[in-house]
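Each remark here refers to the structure printed beneath this line.
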Amino acid sequence: MRKEDSMGFSTDCIHAGNEPDPSTGAVAVPIYQTSTYVQEGLGQNKGWEYARTQNPTRSALEKNLAVLEGGAGARAFASGMAAITAISTLVKQGDHVVCSNMTYGGTYRYFTKILANYGVAFSFVDTARPEDVERAIRPETRLLHLESPTNPTMQLCDIALLSELAHRNGAVVVVDNTFCSPYLQKPLALGADIVMHSTTKFLGGHSDTVGGAAIAKSKEHVEWLGFVQNSSGAILSPMDSWLVLRGIKTLVVRMERHEKNGRAIAEHLARHPKVKKVNYPGLPTHPQHALAKKQMSGFGAMISFDLGSFDNAKSFLAKVRLCSLGESLGGVETLISHPATMTHASIPEEERNRLGVTPGLVRISVGIEDLEDLIADLDQALAAVR
Ligand SMILES: *Cc1c(COP(=O)(O)O)cnc(C)c1O
């Protein structure tokens with residue numbers, strides 16, 4: 001069997017890049033915990049020279065991710081932010097970047113507090129409105145950075161349409177696919193040039209590793225990202241590469257369960273008299289439900305809902321027992337958070353309200369526990385809300 005050829009998605013999750021170890025036949029790719037490789041003679045090596053440059057465990061993960069996202073290759077980094085940092089080396093002084101105004105907070109911080117110091121200009125726009133993106137694009141726009149759905153209000157952007165707009169102006173399109181994983185959304189097939197992930201979330205899936213990856217459609221971009229990875233050095237460790245490879249083997253079964261629980265909980269919350277509003281692309285009431293059906297193969301497990309006031313959110317969050325209060329997402333356990341005081345606290349209050357990050361908004365990353373247990377926990381906590 002030629003495992004490098006793309007097969008069914010579940011098969012690829014388990015087999016792509018996961019060749020049996022050539023020296024022992026070990027079915028799981030070993031954790032190559034080594035810093036260097038003995039060379040047979042001057043100029044004679046087995047293709048491995050130094051472990052910042054290449055590591056077999058990391059290479060296995062990179063091959064796997066390239067197949068799953070349909071790219072020419074992938075590079076794995078020490079975190080999702082390290083992947084974004086590496087991708088951002090595609091822009092230079094004088095260039096301009098268009099970015100979603102609801103981008104991940106760490107991305108916003110990196111762009112505005114660090115990259116902006118190097119003479120790069122940014123426009124943060126509502127990417128749900130293609131006309132706003134079009135208006136923001138300038139002759140010197142080199143990069144369009146997208147997220148869909150966005151955190152925490154679950155707004156979508158039309159990746160195919162925006163890619164066309166950006167390409168007309170010669171800009172590279174990057175999609176942060178962390179919330180979906182390639183199981184739900186394939187940005188490269190929709191027209192994007194580079195996909196990135198925080199592998200910390202659904203790909204790792206077990207809340208036990210921090211990592212990131214960039215997968216590119218063109219060989220040139222893969223080569224450049226590899227050059228940056230080796231030059232700046234923010235590589236994913238062998239152990240973390242192994243944990244993500246291991247997590248991805250069960251991506252499909254986890255995502256199916258995440259999705260089933262996510263849909264059921266979104267519908268349950270939408271019917272609940274104490275819940276004012278539910279943001280979930282799978283609900284027909286979501287303003288971009290039609291786009292979600294076109295662009296995604298499912299709706300996922302990320303939901304936010306409004307309890308009307310800070311006090312209501314506070315009493316609800318004090319009562320949940322099975323759902324854990326915490327930042328992060330995408331793990332097998334259900335995590336719940338309060339964006340206005342946690343992930344989005346640095347945004348001024350007025351701006352937060354304008355963006356829909358209201359004081360009563362609660363975000364939930366639905367895990368794969370028994371649905372009945374999750375609903376019972378949410379219901380008993382909602383009972384505490386006035
Ligand atoms: C978590 C996250 C990141 C950053 O990833 P780290 O692994 O924490 O560095 C980027 N984008 C999104 C959408 C995320 O959820």
Side-chain angles (χ1 to χ4, degrees), residues 58 61 65 69 74-88 97 99-115 124 127 143-157 159 173-185 187 192 194-215 229 232-237 239-241 243-244 247-248 255 258 262 279 281 296 300-304 326-331 335-337 339 342-347 355 357 363-367:
R58 196 176 80 222
L61 172 64
L65 287 170
E69 288 285 9
R75 292 290 175 244
F77 294 90
S79 67
M81 287 318 304
I84 290 177
T85 303
I87 293 166
S88 71
V97 175
C99 181
S100 159
N101 64 0
M102 291 300 284
T103 192
Y104 177 72
T107 306
Y108 180 79
R109 181 176 56 197
Y110 172 69
F111 283 172
T112 56
K113 297 273 196 314
I114 297 180
L115 205 51
F124 294 93
T127 48
L143 202 87
L144 173 63
H145 182 94
L146 301 173
E147 270 174 58
S148 185
T150 55
N151 178 32
T153 53
M154 305 303 293
Q155 272 189 11
L156 273 56
C157 66
I159 295 171
V173 179
V174 178
V175 176
D176 183 337
N177 206 25
T178 301
F179 267 37
C180 285
S181 88
Y183 173 79
L184 290 178
Q185 182 166 275
I194 299 177
V195 180
M196 60 78 39
H197 282 279
S198 166
T199 59
T200 314
K201 317 292 167 57
F202 287 103
L203 291 178
H206 295 73
S207 308
D208 53 11
T209 168
V210 171
I215 304 102
Q229 182 189 44
S232 57
I235 49 165
L236 190 62
S237 77
M239 178 73 192
D240 289 291
S241 299
L243 282 167
V244 179
I248 289 174
M255 291 309 289
H258 276 298
N279 302 310
M296 302 163 73
M302 298 303 299
I303 305 169
S304 63
E327 295 189 5
S328 198
L329 59 113
L335 284 173
I336 210 156
S337 69
M342 295 167 71
T343 45
H344 293 65
S346 62
I347 304 174
L355 295 170
V357 188
R363 187 192 78 178
I364 177 163
S365 166
V366 180

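Numbering of ligands and ligand atoms starts at 1, following listing order. Since this is a predicted model, take the numbers as computed values, not measurements. In this chain, numbering begins with 1 at the start of the sequence shown.
- Residues A78 and A82 approach most closely at N-CB, 4.0 Å, considering heavy atoms.
- The shortest N or O to N or O distance between S198 and ligand 1 is under 3.5 Å.
- At least one donor-acceptor pair closer than 3.5 Å links the side chain of T150 to the backbone N or O of Q155.
- On a distance-only criterion, M81 and ligand 1 share at least one N/O pair closer than 3.5 Å.
- Near G211, with a cut-off below 4.0 Å to any heavy atom, the atoms of ligand 1 are 7 (O).
- Some N or O of G80 is nearer than 3.5 Å to an N or O of ligand 1, by distance alone.
- The protein heavy atom nearest to atom 12 (C) of ligand 1 is D176 OD2, 3.4 Å.
- Here the side chain of T103 pairs no donor or acceptor atom with the backbone of Y108 at under 3.5 angstrom.
- Atom CG of L115 sits about 11.5 Å away from atom CD1 of I84, to the nearest 0.5 Å.
- Ring geometry, F111 versus H145: the interplanar angle exceeds 60°, so the pair is classed perpendicular (tilted spans 30 to 60°).
- Considering backbone and side-chain N/O atoms, T107 never comes within less than 3.5 Å of an N/O atom of ligand 1.
- Not one N or O on the side chain of S365 forms a donor-acceptor pair closer than 3.5 Å with the backbone of L335.
- Scanning the protein heavy atoms around atom 8 (O) of ligand 1, the nearest turns out to be Y104 OH, 3.9 Å.
- Close approach of ligand 1 to T200 is summarised as follows: ligand atoms under 4.0 Å from at least one heavy atom of the residue are 7 (O).
- Looking from atom 1 (C) of ligand 1 to the surrounding protein, the closest heavy atom is K201 NZ, 1.4 Å.
- Formation of a donor-acceptor pair under 3.5 Å by the S100 side chain with backbone atoms of M102 is found in this model.
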